[in-house]
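Just so you know, these numbers use all the heavy atoms, side chains as well, and skip hydrogens, waters and symmetry mates. Below, chains carry the letters A, B, ... as their sequence lines are ordered, and counting in each starts from 1. Bear in mind the structure is a predicted one, so any value in this text is a computation, not a measurement.
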Amino acid sequence: MSQYQAVKGTRDIFPEEATQWKYVERVVHTLASLYGFSEIRVPVFEYTELFQRGIGSTTDIVGKEMFSFQPDPKGRSLTLRPEMTAGVMRAALQKNLLSLAPVHKLYYIGELFRKERPQAGRQRQFSQFGSELIGVSSPAAVAEVITLMMHVFESLGLRGLKLRINTLGDGADRARYREALQAYFAPFHEILDDASKERLEKNPLRILDSKNPAMQELVDGAPRLYDYLNGSSLQDFEKVLFYLAERNIAYDIDHRLVRGLDYYSHTAFEVTSSELGAQDAIGGGGRYDGLARELGSTADVPASGFAVGMERLLITMEKQGLFAALNSPGPQVSIVLQQQDLLDHALQIAWRLRKAGIKTEIDLAARSMKAQMREANRIRASYALFVGTAEYTTGNYTLKNLATSEQRTLSLDAVLQILHEPAARELLE
RNA sequence: GUGAUUGUAGCUCAGUUGGUUAGAGCGCCAGGUUGUGGCCCUGGAGGCCGGGGGUUCGAGUCCCCUCAUUCACCCCA
């Protein structure tokens, strides 16, 4: 084992896997554009306060999962972004985007950092793609965002995903509900686990999605937020569901779904994959009308968005065999050297082929012809081009079709022609 | 941060109640084919058995510590 290894919770993506990433990213770019979203790229680190204000200081992300640092002892604390939304909203406000147009539809693909203990489907550096629809607060906007997300999943061929959806109501709804919850749980204070006791104080809603089975019974008897919604909150939610139904997007209403970040209001949703183990959320999002004000905006800037975990998406796709057809093409021609003193000549030929747009491979490791041929075979080259003393003196080269094993000795111009024009390949037959 | 799990060749793993020079398959290199791949045969290289300490005549095997891995909890994508 080498002395150094990748830092805990980080990993390397080698070429084979990188082609999978590129494939997914291309689909994301294409579909986001289809829905009218434009790409935004924001810095990897921000002032720490941005996340404290934006995500909420009671959340675990801010409380214990941020990679923060202080480059200058007198300077402000910085933090590697643990999520995207706060940064994107900050950028939108900073540039005063809404003064240019009332609605902005942005999407991103990028790396995030959270100092958690790694496990299946969870790393300290991970990637998300997502979108933010900024400027309008309506059921249609959330539905738009959910639809794009589901469209990406469908387009990639994913099966068996579950969309769960809930509404958190508006601020007033939640305030009333919060009191009701606290009143309900208070008598059971002794029974609550430590985490839930703390949540009872800070954010009682989050007791609802506790995984502790001991809490489950209690939670089952708890009042439902749904019953505390005012008329317009209710209507809003039903309209979202209407849009989903119209688009044949299947969903389950889950009254216990409470997103972990403080900035959500009204619709919240989450998509889970059964291929993933304990960390089964592949994507999620919702509406966050309050975020902008939290970040200092004097005006309301309503918004909705989703985020999808790239790694979790890739794991699911791998398990469902969705990369099977995704093999990158080998080189058109692989040059095979007879002896090393011809290397310079062979390199010159390789250069000419490449300048002519022909994907060419040549062995630089001074290996035997047999090894070079094996390599050509391994990387699925279409042709082998032999360079030996005979070729060097006559200027005619032997081109071998590796699929049919047929070969022929030709001038370099003829070789170029065959490799360049598929129609001319019959010369070989 | 807590719990459990696993660390033996590049990879996947064997290694019996502690007992000679630690094995296999795949991969890699070479030869069989003195200018030619995929199949086959033969040979070769490659291991401080994660690290440190201890028990013992003797430790890959037992004990302790440590580092790392993986899975789970918390929480999240």
Considering only atom C1', compute the distance from B/rA59 to B/rG54 and round it to an integer number of Å.
11 Å
Looking at every strand, decide which applies to A/Leu402 at a 4.0 Å heavy-atom threshold: base, sugar-phosphate, or nothing.
base
Determine whether a donor-acceptor pair (N or O, by modelled atom type, separation under 3.5 Å) exists between the side chain of A/Arg81 and the backbone of A/Gly87.
no
So, is A/Gln119 near the phosphate of B/rC71, with a side-chain N or O under 4.0 Å from OP1 or OP2?
no
Taking the six-membered ring for Trp, does A/Phe386 stack with B/rG35 (centroid gap under 5.5 Å, planes within less than 30°)?
no
Answer with base, sugar-phosphate or nothing: what part of the nucleic acid does A/Ala384 contact at a heavy-atom distance below 4.0 Å?
nothing
A/Lys8 side-chain proximity, nearest of B/rG35, B/rG37, B/rU69:
B/rU69
Residue from A/Lys162, A/Arg164, A/Arg256, A/Arg312 passing salt bridge (Lys or Arg N to Asp or Glu O under 4.0 Å) with A/Glu270:
A/Arg164
Quantified in whole Å, what is the C1' atom distance between nucleotide B/rC65 and nucleotide B/rC29?
41 Å
Relative to each other, are the rings of A/Tyr228 and A/Tyr177 parallel, tilted or perpendicular (30° and 60° limits)?
tilted
Classify the nucleic acid contact of A/Lys370 as base, sugar-phosphate or nothing, counting any heavy atom under 4.0 Å across all strands shown.
base
Any A/Leu385 side-chain heavy atom under 4.5 Å of A/Ile349 side chain
yes
With heavy atoms under 4.0 Å as the rule, sort A/Gln123 into base, sugar-phosphate or nothing.
base
Relative to the 5' end of RNA chain B, which residue comes earlier, A/Val308 or A/Thr404, by the nucleotide with the nearest heavy atom?
A/Thr404
Applying a 4.0 Å non-hydrogen cut-off, can you work out what A/Glu270 is touching in the nucleic acid: base, sugar-phosphate, or nothing?
nothing
In Watson-Crick or G-U wobble terms, with both distances under 3.5 Å, the base opposite B/rA24 is B/rU12
Looking across every strand, which nucleic acid part, if any, lies under 4.0 Å from A/Arg117 by heavy atom: base, sugar-phosphate, or nothing?
base
Between B/rC29 (P) and A/Arg378 (CZ): distance, integer Å:
9 Å
Using whole Å, report how far CG of A/Asn401 lies from P of B/rG37.
16 Å
Taking donor-acceptor contacts at under 3.5 Å, does the side chain of A/Thr389 reach the base of B/rG35?
no
B/rC73 versus B/rU8 - spacing of their C1' atoms, nearest Å:
31 Å
Without decimals, in angstroms, what is the distance between A/Glu391 CD and B/rG35 C1'?
8 Å
B/rC29, OP1 or OP2 - any side-chain N/O from A/Arg367 closer than 4.0 Å?
yes
Just compare B/rA77, B/rA72, B/rG37 and give me whichever is closest to any side-chain atom of A/Ala278.
B/rA72
Hey, does the side chain of A/Gln279 come within less than 4.0 Å of B/rC73's phosphate (OP1/OP2), counting only N and O?
yes
Shortest side-chain distance from A/Gln128, nucleotide among B/rU69, B/rG38, B/rA77:
B/rA77
Can you tell me how far C1' in B/rG58 sits from the matching atom in B/rU6, rounded to whole Å?
27 Å
Provide, to the nearest angstrom, the distance between the CG atom belonging to A/Leu337 and the P atom belonging to B/rG37.
16 Å
RNA chain B: 5'-proximal contact among A/Gly388 and A/Gly277 (nearest heavy atom)
A/Gly388
Exercise: do A/Arg287 and A/Ser137 side chains pair donor with acceptor under 3.5 Å:
yes
Specify the separation, in whole Å, of atom CD of A/Glu116 and atom C1' of B/rU2.
14 Å
A/Ser368 vs B/rA30: side-chain N/O to OP1/OP2 distance below 4.0 Å:
yes
Regarding A/Glu391 and A/Thr398, do their side chains bring together a donor and an acceptor under 3.5 Å, going by distance alone?
yes
Check the distance between B/rG37's C1' and A/Asn377's CG and give it to me in whole angstrom.
5 Å
Using a strict 4.0 Å threshold on nitrogen-to-oxygen distance, state whether A/Arg41 and A/Glu39 make a salt bridge.
yes
Please report the distance, rounded to the nearest Å, between CD in A/Gln5 and C1' in B/rG50.
9 Å
C1'-based separation of B/rC40 from B/rG51 [nearest Å]:
44 Å
Please state the P separation for the pair B/rG27 and B/rU16 - nearest whole angstrom.
28 Å
What is the distance, rounded to the nearest whole Å, between atom CZ of A/Arg122 and atom C1' of B/rU69?
17 Å
Please report the distance separating the P of B/rA9 from the corresponding atom of B/rU56, rounded so that it comes out in whole Å.
30 Å
Aromatic contact between A/Phe45 and A/Phe69, with the criterion being ring centroids under 6.0 Å apart: yes or no?
yes
How is A/Gly130 classified with respect to the nucleic acid when contacts are heavy atoms under 4.0 Å: base, sugar-phosphate, or nothing?
nothing
Report yes if a side-chain nitrogen or oxygen of A/Arg374 is closer than 4.0 Å to either non-bridging phosphate oxygen (OP1 or OP2) of B/rU36; otherwise report no.
no
B/rU36 phosphate, OP1 or OP2, under 4.0 Å from A/Gln372 side-chain N/O
no
Assign A/Ala376 to base, sugar-phosphate, or nothing according to its heavy-atom contacts below 4.0 angstrom with the strands shown.
nothing
Taking the C1' atom of each, how far is B/rG60 from B/rG1, in whole Å?
33 Å
Donor-acceptor pair under 3.5 Å, A/Lys115 side chain vs B/rG1 base:
no
